[in-house]
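Notes follow the structure.
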Amino acid sequence: MSERALTAQEPRVGHEGVARPRLRVRAAQARRGAGRHAWRETADRLRQPDPLLHVAPPAAREGSPHEHGGGQRGRRAAGRSRSLHPCHTRPQRSGGTRAGVSDREQEVRRQRLAALREAGVDPFPPRTGPRTPVADVRERFDDKSAEELEQLAESVAVCGRILAQRSFGKLVFVTLVEEGVRLQVSARKQEMDPDVFRFVKKLDVGDFARFAGPVWRTQKGELSVDVREVQLLAKSLRPLPEKWHGLKDVEARYRQRYLDLIVNEEARRIAVIRSSTLRAMRSFLDARGFLEVETPVLQPLYGGAAALPFTTHHNTYDQQLYLRISDELYLKRLVTGGLDRVYEIAHNFRNEGISKKHNPEFTMMECYQAYADYREMMELTEAMFCEIARQVCGDTKVEYQGASIDFTPPWPRIEMTRAIEEATGIDVLEAGELSSLRAAMRGKGLDLGSAPTWGKLVDDLFGDHVEPEMVQPTFVIDYPWELSPLAKRSPDNPRLVERFEAFVAGMELGNAFSELNDPDDQRQRLEAQAGDAADGDEEAHPLDEDYIRALEHGLPPTGGLGVGVDRLVMVLADAPNIREVILFPHLRPEVEGS
RNA sequence: GGGCGCGUAGCUCAGUUGGCAGAGCAGCGGACUCUUAAUCCGCCGGUCGAAGGUUCGAAUCCUUCCGCGCUCACCA
């Protein structure tokens, strides 16, 4: 079989069939040249003697040509339709299908793809074969000298994506990357089968391949795998972004995050930090006896936060549903049911504005602990953030946007009303009505905004004048009850509730209270919210009778905490925008004709 | 939603007073056994975001629209 392929005198085979009629003559000629070489390297490929690099001969494949080719086509078609995300109603500006360089670059690669298939080489083989992770190779041999490596004469097989290729005629260097770790592969014509050598030269940047051969050090001292055998693992049909400048276009980085991850180390670093953060958080809570649970995303009534929901509909039940804005009310039902310590790391959905701190879909960890109050939740919060920082960043101090942030407990506590008074000179409890507070603010020359209720106005004051100043981790405690319909009243001052928010880097990262477990008080508070709704506060909570019923069965004294996971990751990763820590942030759709 | 800015080759970017659309990288062909942003020679590559307008002539000026960013508003 391989002999037949090697002696084939029909270099045109394999490219006529894929020529695109819209290409001009000169381009077609260029392609013909490329196709010939593609054919030749494919023939070379068939000669590989290494059993590790097993390639089924064409004869063996003829039994299932439909399954094979059809499967590939089907997969490509599926891939295309998947790439047409609902938001992407036209091809991407970058890498789109309109005529241009990319088109012809893809054309060349499709030529090679076709030539490989023609020669019976699967460009997307189902199995990889034995391999050593690149990171392991580096770990084992990075500290070995050239002489030591020569004595060891150890062969490995490494796999990864080709990031760059530097060719010197009879010597080729390939930069391979796997899991973010790079390794150089060298191919010396003198040291290997010349057909394999040619095959290496014709691999494209972006291809996945497996290289087998001894580990050595080049004259310039670079650790390399000296290729003896090669196997194409997956063909890449589109060019990678520029190797030096990378992918900078912010929109392209968000829309095609996979490219961002390939060429920008920062994207990978943040993804890893996010994963580590979640792992550290789970391990912290698990170690304290919390049970991880899952509660509905589709809820018949939304609640647990002041926010507007997304609405949706269930066809079979003809039921109006909301995507959850919070899982709070469900988690407290579970505590009522005797699951005394529960947590959920949940995606919440809020139909509101987008900013560098807000994505419509975001991740919140909420945990509830029976028999605890908000002071114990403060201690839990401090300990958790500190431990997560240590696990993720290796230190309880982290750099965020030029500021050093120290998570070491205890964090300072300050009463909310005192914080506002210190910042603005206004005692919001004294100015305890919407009208008097507005008057007080007017007296200080402050912007009144459009807050419809006293509580909202206090919240605005706090957000404008206090929140941005809280760079070091700080607990703001004891909120006016109007702001917190789910928190228990303070025994010392009935106008306040036992609530705290944790602020870091000017952002709210945590929110907690001694949970309100008096069903009658809860009902009154939610009814007051209904009044606020009538006053124009469209975020006021609807009344959830089923939740009240659960409280009537008895909720133990419970401390609850919510943590904005995305924002926590921002701080730990030193990312200035929430979109950097969400792999696929919400973007406006690209529209046909734009 | 308002204000400001941006949108030019697959990627990163130039483009002068309104006067032939440019570079580097990538790609293709060639040379090359030590590169790691390889180098050298040659070549290919454009709906200048879209539509309309002004003009002898528009990437450039005007209008509208689309997308992105920053910012304000909104927003746990």
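Just so we're on the same page: letters track the sequence lines, and every chain starts at 1. Bear in mind that the values here come from a model prediction, so they are computed numbers and not experimental data. Computed over heavy atoms, backbone and side chain alike; hydrogens, waters and symmetry mates excluded.
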Query - Pairing partner (Watson-Crick or G-U wobble, both distances under 3.5 angstrom) of C70(B) - result: G3(B)
Query - Separation between the P atoms of G24(B) and G19(B), rounded to whole Å - result: 23 Å
Report task. Answer yes or no: does atom CD of Glu148(A) have more than 12 heavy-atom neighbours from other residues, nucleotides or ligands under 6.0 Å? Result -> yes
Query raised in the report: If pairing requires Watson-Crick or G-U wobble contacts with both distances under 3.5 Å, which nucleotide is the partner of A9(B)?
Result: none
Report summary line: Closest to the side chain of Arg188(A), out of U33(B), G67(B), U36(B), is U33(B)
Query raised in the report: For U54(B), which nucleotide in any strand shown is its Watson-Crick or wobble partner with both distances under 3.5 Å?
Result: none
Query raised in the report: What is the pairing partner of A21(B), taking Watson-Crick or G-U wobble pairs with both distances under 3.5 Å in any strand?
Result: none
Query raised in the report: Arg350(A) CZ to C75(B) C1': how many Å, rounded?
Result: 10 Å
Report task. With heavy atoms under 4.0 Å as the rule, sort Gly246(A) into base, sugar-phosphate or nothing. Result -> sugar-phosphate
Query - Lys/Arg-Asp/Glu bridge criterion (N-O < 4.0 Å) met for Arg182(A), Glu222(A) - result: no
Report task. Rounded to whole angstrom, note down the P distance from U63(B) over to A23(B). Result -> 33 Å
Query raised in the report: Taking the P atom of each, how far is U36(B) from C25(B), in whole Å?
Result: 14 Å
Report summary line: Regarding the side chain of Arg166(A), the nearest nucleotide among U36(B), U33(B), G10(B) is U36(B)
Query raised in the report: Does C28(B) have OP1 or OP2 sitting under 4.0 Å from an N or O in the side chain of Arg112(A)?
Result: yes
Requested in this report: Just compare G27(B), C70(B), U12(B) and give me whichever is closest to any side-chain atom of Asn577(A).
Outcome: C70(B)
**Report entry** Side-chain donor-acceptor contact under 3.5 Å, Arg109(A) with Ser236(A)
**Finding:** yes
Report summary line: note: Trp244(A), atom CH2; G10(B), atom P; distance rounded to Å ~ 24 Å
Query - Among C32(B), C68(B), C25(B), the one nearest Arg255(A) by side-chain distance - result: C68(B)
Query raised in the report: Say you pick atom C1' in A58(B) and the same atom in G15(B); how far apart are they, in whole Å?
Result: 14 Å
Query raised in the report: Checking all strands, does Lys248(A) fall into the base, sugar-phosphate, or nothing category for heavy-atom contacts under 4.0 angstrom?
Result: sugar-phosphate
Report task. Please check if any side-chain donor atom of Ser484(A) sits under 3.5 Å from a side-chain acceptor atom of Arg525(A), or the reverse. Result -> no
Requested in this report: Report yes or no: is there a donor-acceptor pair, N or O only, under 3.5 Å between the side chain of His245(A) and the base of C11(B)?
Outcome: no
Query raised in the report: Watson-Crick or G-U wobble partner for A26(B), using a 3.5 Å limit on both distances?
Result: none
**Report entry** Rounded distance in Å between the P positions of G22(B) and U47(B)
**Finding:** 15 Å
Requested in this report: Could you tell me if the ring centre of Tyr374(A) sits under 6.0 Å from that of Tyr479(A)?
Outcome: no
Query raised in the report: In chain order, what residues pass the salt bridge (Lys or Arg N to Asp or Glu O under 4.0 Å) check against Glu242(A), with sequence neighbours excluded?
Result: none
**Report entry** Nearest-Å distance once atom P is located in both A59(B) and U54(B)
**Finding:** 16 Å
Query - Rounded C1' spacing from A73(B) to G7(B) in Å - result: 25 Å
Query raised in the report: Between atom CD in Gln256(A) and atom P in C68(B), what is the gap in whole Å?
Result: 14 Å
Report task. Under 4.0 Å between any heavy atoms, over every strand shown, what does Thr218(A) touch: base, sugar-phosphate, or nothing? Just pick one. Result -> base
**Report entry** Integer-rounded Å distance: A9(B) P and Glu242(A) CD
**Finding:** 14 Å
Query raised in the report: Among the nucleotides A26(B), C34(B), U71(B), which one has an atom lying closest to any side-chain atom of Gln219(A)?
Result: C34(B)
Query - Length of the line joining Asn264(A):CG and U12(B):C1', which is rounded to integer Å - result: 12 Å
Requested in this report: Among the candidates C68(B), C11(B), G27(B), find the nucleotide nearest to the side-chain atoms of Leu587(A).
Outcome: C68(B)
Query raised in the report: Ser167(A) or Phe173(A): which one's nearest nucleotide on RNA chain B is closer to the 5' end?
Result: Phe173(A)
Report task. Indicate, with a heavy-atom threshold strictly under 4.0 Å, whether Arg217(A) touches base, sugar-phosphate, or nothing. Result -> nothing
Requested in this report: Compare all side-chain heavy atoms of Trp411(A) with those of Met378(A) and state whether any distance is below 4.5 angstrom.
Outcome: no
**Report entry** Ile354(A) vs Gln165(A), nearer the 5' end of RNA chain B by closest nucleotide
**Finding:** Gln165(A)
Query raised in the report: Of all the nucleotides listed (C75(B), G10(B), U12(B)), which has the minimum atom distance to the side chain of Asp249(A)?
Result: U12(B)
Query raised in the report: For the side chain of Val108(A), counting heavy atoms from C-beta on, which of G27(B), C13(B), U33(B) is nearest?
Result: G27(B)
Query raised in the report: Any salt bridge between Arg257(A) and Asp260(A), counting N to O under 4.0 Å?
Result: yes
Report task. Give a yes/no answer on whether the side chain of Lys356(A) brings an N or O atom under 4.0 Å of OP1 or OP2 in C74(B). Result -> no
Query - Separation between the C1' atoms of A9(B) and G2(B), rounded to whole Å - result: 35 Å
Requested in this report: Can you tell me the distance, in whole Å, between the CG atom of Leu259(A) and the P atom of C25(B)?
Outcome: 21 Å
Requested in this report: May I have the distance from Arg198(A) (atom CZ) to C32(B) (atom C1'), rounded to whole angstrom?
Outcome: 17 Å
**Report entry** Complementary nucleotide for U39(B) - Watson-Crick or wobble, under 3.5 Å
**Finding:** A31(B)
Query raised in the report: Whole-Å distance between G1(B) C1' and Asn351(A) CG?
Result: 15 Å
